[in-house]
Every structure is written in C-alpha cells, then in structure tokens.
Amino acid sequence: MPELPEVETIVRELRQQVMGKTIARVSVHWERSVQGQVDEFKRRLAGMAISAISRRGKFIGFELHDGTFFTIHLRMTGKLVQKLDAAGQKHVRVEFRFQDGSALYFVDARKFGRLRLWPCQSQSCPNLGPEPLNPASVLSVLFGLSTRRPVKTVLLDQTVLAGVGNIYADEALYAAGIHPLTPAARLSAGQRRKLSRSVPKVLKQAIRRRGTTLRDYRTLADRSGENQEYLQVYGRADQPCFTCGAPIEKIRIAGRSSHFCPCCQKL
DNA sequence: AACAGCACCTGTAGGC
DNA sequence: TGCCTACAGGTGCTGT
C-alpha cells in the first residue's frame, strides 16, 4: 500500500500525536508481525518515552529515550490508527498502550507488515539506497546505472533508491517520457536528467496531497489522501492519455502492473 | 548477475 | 447466493 509519500504523511502525523508519549505496554496479537524475539521487543519498549520519529524509505523509525530504535514497515495493508473501528478490530496485530491512557494500533489485514528492533538507528535498515527527494542525489544514482534491467524494475529496487513504489515509479516515468521497459543502461543523458527531476517532483507533490488512496490507505488521522485525483497513468489502463489521447497501456514488469502511454513513452 | 516464480496473507471485485 | 479466478500500493527467498 504505502510508498514514500504515504509513509511521510503518517510520520508527520505521528510526530504530532505520539511524540513524547511513554509506552506503558505492548501487546502482540500476531507474533509474526514482529521480526526477532517478541518478548524482547515488548520488554525493550515498555516504560520508554518516544523521543523521535523518522522516515527512511518506506520505514517508520521510532527512537526511544534510552536510544532503543525500532521500525515499522507497513508493506501492503499495514496501518497505524489511534482508534479501532469494526474493521480495525478484526486486524489488530500489535497494540501500544501509552501511560496517558491513549493507544496506537498496528492494523494489517494481510499480515505482511513488520515491526523490528535494531541495535541503534545508525545500524537500522541496511542496504537502502539514498532518499529520492532531491534531484541531485537521484541524478548521481541514475548516472551510475549500467544495468540492462528495465528502468521500472530499477526504480522499484530499494537498494537503488529508497521509497519509490509501483504508483510513483509509473508516474515518474510518464512525467519523464520514458518507457518503463527501457534498459537502464540505455537511458540517454537527457533521459536521466529528466527522470532525476520527475522522481522528486512526483513524490513531493504526492506528499503535499497527503498520499494516494486507492483502497486501504488512510493517514493516522484516518483521512484519505488526495493524490489519486492527479494520477496520470497509474490505474488508468485503456483510458485516454491526458497529453495525446492514446489509450494508456497496462503491462506486467517483474510481476508488477505497469502503466504507460505508448505514444508519449516510446521504447 | 539477473530474472522468473512463488511465498507470505486477506479482502474484494467480476464472471458465471 | 455461491463458487471461482484475478488482482492488490511490498519484499524476500529459491532455483535457473
């Protein structure tokens, strides 16, 4: 479900809502949602105040007062909510109770999401590429690419850039006029420059609109995003391209649905 | 190295 | 209503 803009939106709300609160107790209702030892996870968090909340790629990071650091990755259907409705009730996997009586629930229908304790923040989330919000850093990554893998697959590779997912990969490629199957090594210098600008642009616009809600995604405040109103290609198979009117095509690349305009994004 | 395929899970939508 | 299939915003593993 959530890609970088959705996670960033959630992190901003978490900072307002749970920063500084002290975790009284953690209950784990689905053990596999926690990677590693569940008992240790619960023990290390209990009694600790949350001192910082961060984002790295699609990971949400929580730093506790004693330096303990843990992350939440929402994967496809993970959500953080402060109140449980009937649907939420059914899928609560982990429950944080705070000393002030409030709560934070990790709700996850498909059970793909993961919570994980790390030795410290600097040793967390290894193998992630740079953040894709700055054109200069994206440009240096793109100029370093010599693989023949399709550029769409490369954008989804979290070790290349951290946080780009299926929606924004398609949107950024459309904005740059690049066919998703183009081998990364064959991108021209001009294409690399265009893509280095479109990736951050598409992500930042989506952050401003609090993310894209297609089905499940809701912010912590249980609002939907607004970016779905502005998608150019994702989810628009067979509909006319807003630029040239040609029907948007949908193909499968590395197992993921991929949308593009056959006229504006030639191979 | 790179890729396909599948595993992990559940819910929903569409065809019949 | 029910049954079946396909599909879903992510990642990680295995085998070729």
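Throughout, a chain's letter reflects where its sequence line sits, starting with A, and its residues are numbered from 1. All values derive from a computational prediction rather than experimental measurement.
Using a 4.0 Å cut-off on heavy atoms, the residues of residues 198-216 of chain A that approach DNA chain C are Thr212(A), Leu214(A), Arg215(A), Asp216(A), listed by number. A heavy-atom distance below 4.0 Å to DNA chain C is reached by these residues of residues 160-174 of chain A, ordered by number: Gly165(A), Asn166(A), Ile167(A).
Aromatic stacking of Tyr217(A) on dG9(C): not satisfied for centres closer than 5.5 Å together with planes under 30 degrees. The aromatic ring of Phe112(A) does not stack onto the base of dC9(B), failing the criterion of a centre distance under 5.5 Å from the six-membered base ring together with planes under 30° apart.
In this structure, the CG atom of Leu156(A) is 9 Å from the P atom of dT11(C), given to the nearest Å.
Contact annotation for Thr153(A): no contact, since no heavy-atom pair falls under 4.0 Å across all strands. When heavy atoms are screened at a 4.0 angstrom cut-off, Pro183(A) is found touching no nucleic acid atom at all. Residue contacts for Arg32(A): at a heavy-atom cut-off of 4.0 Å it reaches the sugar-phosphate backbone alone, with no base atom in range.
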Show me, pair by pair, the donor-acceptor contacts under 3.5 angstrom made by side chains of residues 158-173 of chain A, not counting sequence neighbours?
residue   : atom : partner   : partner atom : Å
Gln158(A) : OE1  : Gly163(A) : N            : 2.8
Gln158(A) : NE2  : Leu156(A) : O            : 3.1
Gln158(A) : NE2  : Val164(A) : O            : 3.0
Thr159(A) : OG1  : Asp157(A) : OD1          : 2.7
Asn166(A) : OD1  : Lys152(A) : NZ           : 2.6
Asn166(A) : ND2  : Ser257(A) : O            : 3.0
Tyr168(A) : OH   : Glu6(A)   : OE2          : 2.5
Tyr168(A) : OH   : Thr212(A) : OG1          : 2.6
Asp170(A) : OD1  : Lys152(A) : NZ           : 2.7
Asp170(A) : OD2  : His259(A) : N            : 2.8
Asp170(A) : OD2  : His259(A) : ND1          : 2.9
Glu171(A) : OE1  : Gln232(A) : N            : 2.8
Glu171(A) : OE2  : Gln232(A) : N            : 3.3
Glu171(A) : OE2  : Val233(A) : N            : 3.0
Glu171(A) : OE2  : Tyr234(A) : N            : 2.8

Give every donor-acceptor pair under 3.5 Å between a side-chain atom in residues 36-47 of chain A and any protein atom, sequence neighbours left out.
residue  : atom : partner  : partner atom : Å
Glu40(A) : OE2  : Arg44(A) : NH1          : 3.1

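Applying the 4.5 Å side-chain rule to ILVMFWY residues, one finds Leu181(A), Ile251(A), Ile253(A), Leu267(A) in the same cluster as Phe260(A).
If you take atom P in dG5(B) and the same atom in dA6(C), they sit 15 Å apart, rounded to whole Å.
Looking at Arg110(A), its side chain comes within 3.5 Å of the base of dA8(C) through a donor and an acceptor atom.
Contact annotation: Lys58(A) side-chain N/O to dT11(C) OP1/OP2 distance is under 4.0 Å.
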Inset, instruction - For DNA chain B, produce a single dot-bracket line, 5' to 3'. Pairs: Watson-Crick or G-U wobble, both distances under 3.5 Å. Symbols: ( ) within strand, [ ] crossing, | other strand, . unpaired. - result: .|||||||.|||||||
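The side chain of Arg252(A) sits closest to dA8(C) out of dA8(C), dG11(B), dG9(C).
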